[in-house]
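These numbers come from the heavy atoms of this one structure, side chains and all, not from hydrogens, waters or symmetry mates. Since the model is a prediction, treat every value here as computed from it, not as a measurement. Below, chains carry the letters A, B, ... as their sequence lines are ordered, and counting in each starts from 1.
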Amino acid sequence: MINKKMAAVSIAALMAVSLVGCGGSNNAAPKEEVKEPVKEEVATPTSTPTEPEATKLTGDFEIQYFVGGYGDKWWKKVIAEFQAANPDLKVKESGGPKINDQMKPRWIGGTPPDFVYIDGAGLNDRQMVEDDQLEDLTDWLKDAKNIDGDLIKDILAQPAQEFDGKVYNIPLVLNSWGMFWNKALFKEKGWAEPTDFDSFLAVSEKIKADGVTPFIHTGKYPYYINGSVLYPAIVSANNDDFSILQDMAANKVEAFESPAVLTALNKIVALRDKGFIDKASIQINHTDSQMLFLQNKDAFIPNGLWLPNEMSKDVPAGFEFGFIPSVTQSAGGKVVANTSTATVAIAKKAKNKDAAKAFLQFIFSKGQASQWAELSGAPSNIKGDISASNAPSHVKDAAKYLTDPNTVVIPTITYNADVDKAMMDATDALTISTITPEEWVKRVTDVVKKVSK
Amino acid sequence: MNSGTAKWQRNVFIASFIIPTLIFFGIFTIYPVVQGLYYSFFDWSGMSEHKTFVGFDNFKDMFHDPIVWRAIGNDYFLVAGKIVGIMVLATFFAVALTRFGFKLSGFFRSIFFIPNVISVVVIGVLWNFIYNPQIGFLNAFLSLFTEDKVTITWLGFPAHTIWMLLPPSIWAGIGFYMILLIAAIQGIPESYYEAANIEGAGEWHQFWSITLPLIWEQMKVSIINIMMTTLNGSFVIVWIMTEGGPDNSTQVMGSYLYQMAFRQFHFGYGAAIGFVILVLSLITTIVLQRLMRHESVEMS
């Protein structure tokens, strides 16, 4: 009996620790191979950014890049080109869909790669800045020129995000959230394409009367509805001034308590109370919601511009994507595009910062912009006409929207992870009527106060 | 002298079995527990080189975190629901497939065991499809009996969504415990039942007076095992089906641990949750052992 009890207790212990164990094993940083010290042959390579090819880069140079929706074709190509341009440099690629987890012990252990592409689960730029892991690029970016001799900050379509006034990472991709519909279906049914919130409500009424659910989103991942509906709505209600979102990201309580936030939340409430939101939304993931949208069971879906690419295998014949970055502006108001980006940065503890900076100068060039659009299927964050390139047509359309002077473009903003989660949960609760907009604000500001303590 | 050598050899022999296991147990169980406990005293993002020692602050925060309490409640709800559901159904099927000896019992035994061979991830995806409000099987089935199309969001209720995770968990668990109980029932000598028949005891009476007391030992093990696997393993089914949502209503300790440690960059807090899971599992095991300290009936 006692033996059995002991056995049962120890089995319980064994199973209970399995979760703790998972976490713990992450921390057992494998011993890094001792790298050869970088030979500092060049004294001040960054002081002459106009002609980086004049300086000779040597030593090891490691690039960490996540492989997700944008693929790795561009990375492989640009790294090969950079290697060819710098034959004395030993470039090491650390890429893959799981690379963020694989490299984690290196970051914890203080031997990170030199250059990092911040995308995918497990990497969060705000967190990396707080953890003091990224190199401060503020001064460098002021006068850094790319390989063509252009000032990098001048050719960026969207500026880098500032953390307490400092720049640590530069956006490489420029994508946009927004609202999609099927143009073909709209034409067939005689529905008008929305241009603002009133027309959106009007056509939704008609769609509902015709027996189709007007709006579906992915409740399992509420950042889709937040990114495509809530944030643009807040900016519209704030006289097209997106600094309110930046204040929210900086955990300023008064930004969340602004009337603009309530106005925006009430727009979601309007959709809910008119019965426009598909009831299935709350429990389904993005793929399921996108499938229902492609089957014309729902007329509108908030999503990102990668949607046509992501679902390319499942798009039925005759389906034609319609897109507008926002539907929450009042009639005659400006369209608000909430961008979705992925950024690049240099590790603070990089061993070869010269090579990393030279690589930045290499990739932020117009030639690489069209190459990125072509190989990744997403618009690049570098200004430049890609209409002549082989980029897919929806990428060109997106680029057109994002460069239009009548569009308010929200630059990349990363919220604190706790606040972000609180906003997602609260929006979900709002769509199923468990809370009011005021409770949304109360809940989120409580988290903000706790976080900024 | 001779006996000393024999004793030495005996000890070496025993040690050669114990020591490798002990080493592995130490590396893969004791060490992670100690590490986990160590990290639970720090404020650490899980990625930073620097950790800040915060003493018991993570545990104090947990005490004031309503989601932790909800997660613990959900955990014990699943434990209770699964123990009742699995034990009743597994016992029923085990008795039905052994005592009533009908022809297809082998076939049904295999059918009931299938969910145990399927990965929990597949089970989660499968049941997600069953519960899908638009194209799911459950609503389609219910729609057969109603005029309007049924559009219940099975995994999206404002409250009590955790109830919907019980059927897949029970369904997935029955097979294994059924096999365990079948083995126990088959170990009961047929003569007991023959004697009971002669005495005029009905099936029901036989079940209560013969079968149940003689398989109680196995049922006890099953109950404890269900409790432990649920407290530590319900993470998978929750994460696959709801990720703890909507609005944290289906969060369990395991899923909240993952959410905090890897999504919200509070690794120390996650480690603290992990430690609480360990403590709760130990306490519950001891309590359940005490509660079920029913005199076992031994067959002679």
- [ ] Under the ring pair (Phe, Tyr, Trp, His ring centres under 6.0 Å) rule, collect the residues that match up with Tyr269(B), sequence neighbours excluded.
- [x] none
- [ ] Write down the atom of Ile282(A), the atom of Gly156(B), and the distance for their closest heavy-atom approach.
- [x] CG2-CA, 3.6 Å
Task: Candidate pair Gln264(B) and Val419(A), rule side chain to side chain contact (heavy atoms under 4.5 Å, CB included), full reasoning - done: CA-CA 9 Å; Gln264(B) 289 176 244; Val419(A) 177; over 6 Å; no
Task: Atom pair NZ/OG1 of Lys279(A) and Thr151(B) - distance to nearest 0.5 Å - done: 3.5 Å
Open item on the list: Let me confirm one number: the CG-CD distance from Asn128(B) to Gln283(A), rounded to the nearest 0.5 Å.
Closed with: 7.0 Å
Open item on the list: When you compare the side chain of Leu123(A) with that of Met47(B), does any pair of heavy atoms fall below 4.5 Å?
Closed with: yes
TODO: Determine, step by step, whether Leu155(B) and Lys220(A) satisfy the side chain to side chain contact (heavy atoms under 4.5 Å, CB included) criterion, reporting the C-alpha distance in whole Å, the side-chain angles of both residues, the deciding distance to 0.1 Å, and the verdict.
DONE: CA-CA 10 Å; Leu155(B) 292 172; Lys220(A) 209 168 171 182; over 6 Å; no
- [ ] Report, by ascending residue number, the residues of residues 58-72 of chain B in heavy-atom contact with chain A at a distance under 4.5 Å; give 'none' if the set is empty.
- [x] none
- [ ] Look at atom CZ of Phe24(B) and say whether more than 12 heavy atoms of other residues, nucleotides or ligands are closer to it than 6.0 Å.
- [x] no
Open item on the list: To the nearest 0.5 Å, what is the distance between CG on Asp288(A) and CG on Asn132(B)?
Closed with: 5.5 Å
TODO: May I ask you to say whether Arg443(A) pairs ionically with Asp247(B), meaning some side-chain N is under 4.0 Å from a carboxylate O?
DONE: yes
Open item on the list: Is Asn285(A) close to chain B through its backbone or its side chain, or both, or neither, when contacts mean heavy atoms under 4.5 Å?
Closed with: neither
Open item on the list: Just verifying a value: how many Å separate Arg126(A) CZ and Phe265(B) CZ, rounded to the nearest 0.5 Å?
Closed with: 12.0 Å
Task: Test item: Ile108(A) and His50(B) side chains (from C-beta on) under 4.5 Å apart, heavy atoms - done: no
Task: Nearest-0.5 Å distance, CG of residue Asp425(A) to CD of residue Gln251(B) - done: 8.0 Å
- [ ] Side chain from CB out, backbone as N, CA, C, O: work out which of these in Lys421(A) comes under 4.5 Å of a heavy atom of chain B, or both, or neither.
- [x] side chain
- [ ] With sequence neighbours left out, write down each residue that passes ring pair (Phe, Tyr, Trp, His ring centres under 6.0 Å) with Trp127(B), or none if nothing qualifies.
- [x] Tyr131(B), Trp171(B)
Open item on the list: Less than 4.5 Å to any heavy atom of chain A: does that hold for the side chain of Thr242(B), its backbone, both, or neither?
Closed with: backbone
Task: Residue list, ring pair (Phe, Tyr, Trp, His ring centres under 6.0 Å) with Phe157(B), at least two apart or on another chain - done: none
TODO: Answer yes or no: is there a side-chain heavy-atom contact under 4.5 Å between Tyr221(A) and Glu243(B)?
DONE: yes
- [ ] Tell me, for Met424(A) versus chain B, whether the close heavy atoms (under 4.5 Å) come from the side chain, the backbone, both or neither.
- [x] neither
- [ ] Can you tell which part of Asp278(A) gets under 4.5 Å to a heavy atom of chain B, answering side chain, backbone, both or neither?
- [x] side chain
Open item on the list: Is it true that, when you exclude Lys348(A) itself, more than 12 heavy atoms of the residues, nucleotides or ligands shown sit nearer than 6.0 Å to its NZ?
Closed with: no
Open item on the list: Looking at every heavy atom in both Ile432(A) and Pro158(B), which two are closest together, and how far apart are they?
Closed with: CD1-CA, 4.0 Å
Open item on the list: So which residue, Gly245(B), Gly136(B), Pro246(B), Ser45(B), ends up with the most heavy-atom pairs under 4.5 Å with chain A?
Closed with: Ser45(B)
Open item on the list: Between Asp298(A) and chain B, with a heavy-atom cut-off of 4.5 Å, which part of the residue counts as in contact: side chain, backbone, both or neither?
Closed with: side chain
Task: Exercise: identify the closest heavy-atom pair between Gln134(B) and Ala280(A) - done: CG-CB, 3.8 Å
